[in-house]
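Structure first, commentary second.
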Amino acid sequence: MARHRNVRNRSYSDDYDYDDVYGHSVEEDSCLSPSDADQWMYDRSRNQQAISSFLSSHNDIQEESEELTEDSHPCLQRRESIDLRGLNLNEEDEAKLMSCLDELRNVLGDTVPENILVQTVMNHNFNFNKALDEILNNNKTKDEKTKAAVTLPVILEPAKAPVITTDVKVPKVIATKVEPSKANVIKGFKIDSPKSLPQTPREQSPANRERTPSRTDQVDDSKSATKLKENKTDPNVQYSNERKSDKDHLYIVVIGHVDAGKSTLMGRILCDLGEVSQRTLHKYEQESKKLGKQSFMYAWVLDETGEERLRGITMDVGRAQFETKTKKVIILDAPGHADFIPNMITGAGQADVALLVVDATRGEFESGFDLGGQTREHALLVRSLGVNQLAVAVNKLDTNNWSQERFNEITTKLKSFLKQAGFKDSDVTYVPCSGLTGENLVKSTTEAELLKWYDGPCLLDVIDKFKVPQRPVAKPLRMSINDIFKGTGSGFCVAGRIETGVINKGDKVLVCPTKEMAEIRSVSINDMVSNVAFAGDQVSVTLSGVEMQNVSIGYVLSDPIQQVPVSARFEARLVVFNVKVPITKGFPVLIHHQSLVESASIVKLKALLNKSTGEVLKKKPRCLGNNSVAVVEIEVCRPICIERYKDVKELGRVMLRVAGVTIAAGLVTDILSI
Ligand SMILES: Nc1nc2c(ncn2[C@@H]2O[C@H](COP(=O)(O)OP(=O)(O)OP(=O)(O)O)[C@@H](O)[C@H]2O)c(=O)[nH]1
């Protein structure tokens with residue numbers, strides 16, 4: 001029923017100082033010891049070191065014969081034989097040229113001879129976009145002239161729907177408007193210039209260093225000619241055609257303090273809607289009884305792993321779906337425990353709206369709401385991640401005999417806090433309920449005590465009334481990867497949310513920041529196979545043409561032409577919420593950007609702003625305290641895929657955390673080069 005993200009590919013030792021983040025855990029004693037954890041947790045860097053050391057110490061192992069050698073591959077020979085001496089370039093221009101050529105090959109593969117690439121880049125003074133335009137337009141003209149049986153890469157205006165020629169046998173192709181984006185402020189050599197190339201273990205791997213031809217590089221000409229797909233349909237038209245009969249998809253993240261009853265509430269809704277069979281429920285009842293945890297029976301619907309069930313807490317984002325009158329709702333059940341905030345952020349990053357669950361039991365609401373509790377932190381985080389519609393489930397009200405007084409006490413406190421956090425009163429709805437008894441969840445209450453003072457909607461009706469945000473399907477593709485796993489067939493799967501654009505089966509996409517071209521072999525949305533997926537969909541896609549170990553959580557699948565900007569430095573407008581010591585120049589932080597967690601530092605404090613007007617109060621302030629708003633420059637330890645907030649909201653937001661506490665949230669205002 002529910003599916004958990006596979007967190008295998010997150011390198012915890014990379015991301016966190018274990019003591020800093022986990023040091024305050026109340027569960028510490030019952031946790032795995034660090035050495036046990038180390039043994040079981042996947043460690044990206046450790047794995048890669050192991051592979052490279054294995055390769056270097058086993059020279060006798062022959063490479064697979066299907067890997068083409070230099071001699072046998074004409075394109076490689078051609079690449080190796082570029083002689084730049086005749087061009088009389090200085091070092092910088094040579095670097096620009098090589099970088100542009102790399103970018104062009106990423107898009108075009110080996111369909112265009114090297115000398116033409118070099119000539120075109122030189123003609124356009126190393127301008128990647130112009131060179132690419134010219135080459136593609138030349139190809140188009142040639143194609144039209146020769147009416148060749150093979151489709152060459154073509155750039156199309158989306159408004160002018162292309163004519164589909166049926167007399168030529170061409171592979172089924174898809175397309176997109178490919179005018180170079182002005183939004184990609186850093187392009188061509190600026191992204192990939194050798195100077196700015198990151199020295200990460202991943203990029204130092206033999207495969208990357210020697211640019212071993214990947215399978216995509218080796219495909220024969222007829223296949224490579226279809227690397228860029230022609231889009232036959234306007235994305236908006238395609239979206240309305242595909243989805244017109246479907247209910248709107250709504251992604252809802254369930255947040256709140258540990259043990260507020262989130263999983264029980266969602267499990268109970270799923271059971272009451274008939275999404276969980278009686279047999280399964282009976283099994284959960286028996287098994288949870290055996291462990292002495294019968295009260296967690298409904299939570300088991302979403303808490304699927306043995307450790308989660310044994311410990312009685314959610315550790316990773318649980319996923320399930322149900323339908324309301326007008327919507328298909330996909331729930332993302334986030335962990336409430338402070339140790340798992342990074343997973344909660346991943347869930348919140350995929351959500352359209354949020355359901356905040358608070359425990360109405362006396363003393364429990366207070367400990368979740370007071371400083372250090374997760375109620376405030378979760379609410380602030382989801383708001384900072386762009387969620388603006390919220391339902392608040394005042395849960396476990398059965399423990400207070402459905403007291404109106406208690407309900408009012410809780411909602412009064414929450415109202416003033418949520419307003420400060422940036423939620424409009426009109427976008428927040430409060431619902432009294434009980435996940436355990438099922439009261440007021442999927443149908444209006446029959447509980448006499450509650451009926452005395454409540455005649456509002458049940459939780460399901462509140463969820464049904466949420467507005468579904470516009471899906472930016474016409475923008476270039478951006479899909480951030482939050483999970484990587486081996487599928488059943490060839491290739492491997494990556495899962496994540498399509499932030500903008502469309503993915504069709506058979507599309508070529510660029511895996512960024514490494515910029516390797518891959519092909520989409522299959523698409524599934526919420527575990528259902530599909531030929532196409534759109535912005536807003538949470539999908540898993542099978543990739544081929546790129547090695548699994550070269551892809552990491554936090555990478556982005558990008559439109560190959562209108563590429564996602566890649567940089568290690570950017571400017572952001574920060575709101576500082578919670579710092580023990582003021583932020584000064586060089587302040588180290590962990591940056592959370594979608595599912596990516598990287599070390600970074602605030603390298604420049606540019607201006608302190610007035611919170612409400614945005615006017616500059618002070619240029620180059622020396623420090624930033626709590627509740628300040630400021631423009632800063634942030635440098636990440638290695639280049640990441642990042643967008644300006646005004647271009648792609650979802651990739652233009654960052655959270656900054658220090659020692660397990662979220663200290664600030666920021667919107668990216670500019671992308672800079674180092
Ligand atoms: N009395 C009462 N108990 C409840 C209710 N909802 C949940 N509980 C109990 O609260 C405990 C915690 O429930 P969970 O659903 O695991 O809480 P959670 O918020 O998902 O926990 P984490 O995901 O680990 O943060 C369990 O023992 C539940 O039986 C309720 O409405 N009334």
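Read the numbers this way: they start at 1 and go in the same order the structure lists the ligands and their atoms. Each residue takes its place number in the sequence, starting with 1. As a basis for the values below, the full set of heavy atoms in this structure was taken, side chains included, without hydrogen atoms, waters or symmetry mates. These numbers were taken from a predicted model, which means no experiment stands behind them.
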What protein heavy atom sits nearest [atom], and how far off is it?
atom	value
atom 16 (O) of ligand 1	F296 CE2, 3.3 Å
atom 23 (O) of ligand 1	T314 OG1, 2.6 Å
atom 21 (O) of ligand 1	D259 N, 3.3 Å
atom 25 (O) of ligand 1	K262 NZ, 2.9 Å
atom 29 (O) of ligand 1	S295 O, 2.6 Å
atom 14 (P) of ligand 1	T264 OG1, 3.5 Å

Based purely on interatomic distance, does [X] place a nitrogen or oxygen under 3.5 Å from a nitrogen or oxygen of ligand 1?
X	answer
S263	yes
L436	yes
K396	yes
G261	yes
G435	yes

Output yes when [X] and [Y] qualify as a salt bridge under the 4.0 Å nitrogen-oxygen rule, no when they do not.
X	Y	answer
K247	D464	no
K290	E287	no
E366	R406	yes

List every atom of ligand 1 that sits less than 4.0 Å from any heavy atom of T399, numbering the atoms from 1 in the order shown and giving each element. 1 (N)

Show the atoms of ligand 1 that are less than 4.0 angstrom away from any heavy atom in S434. 30 (C), 31 (O), 32 (N)

Assess whether atom NZ of K649 is packed by more than 12 heavy atoms of other residues, nucleotides or ligands within 6.0 Å. no

Does atom CG (N401) have a neighbourhood of more than 12 heavy atoms from anything else shown, all under 6.0 Å?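 Enclosed: over 12 neighbouring heavy atoms sit under 6.0 Å from CG of N401.
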
Judged by non-hydrogen atoms, does A260 sit under 4.0 Å from ligand 1? yes

Using a 4.0 Å heavy-atom cut-off, which part of N395 comes near ligand 1: side chain, backbone, both, or neither? side chain

What do we get for D398 next to ligand 1 when only non-hydrogen atoms under 4.0 Å count, side chain, backbone, both or neither? side chain

Between W453 and W402, is there a donor-acceptor pair closer than 3.5 Å when you use the side chain of the first and the backbone of the second?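 Yes, because the side chain of W453 sits within donor-acceptor range (under 3.5 Å) of the backbone of W402.
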
Backbone N/O of I255 and side chain of K262: donor-acceptor pair under 3.5 Å: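 Pair absent, no side-chain N/O of K262 close to backbone of I255.
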
What heavy-atom pair brings G536 and Y251 nearest, and what distance separates the two atoms?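 Shortest heavy-atom contact: O-CE1, 2.9 Å.
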
What's the shortest heavy-atom distance between T375 and F369, and which atoms? OG1-N, 3.9 Å

Between Y645 and R653, is there a cation-pi geometry (under 6.0 Å to ring centre, at most 45° from the normal)?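 That pair does not qualify as a cation-pi contact.
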
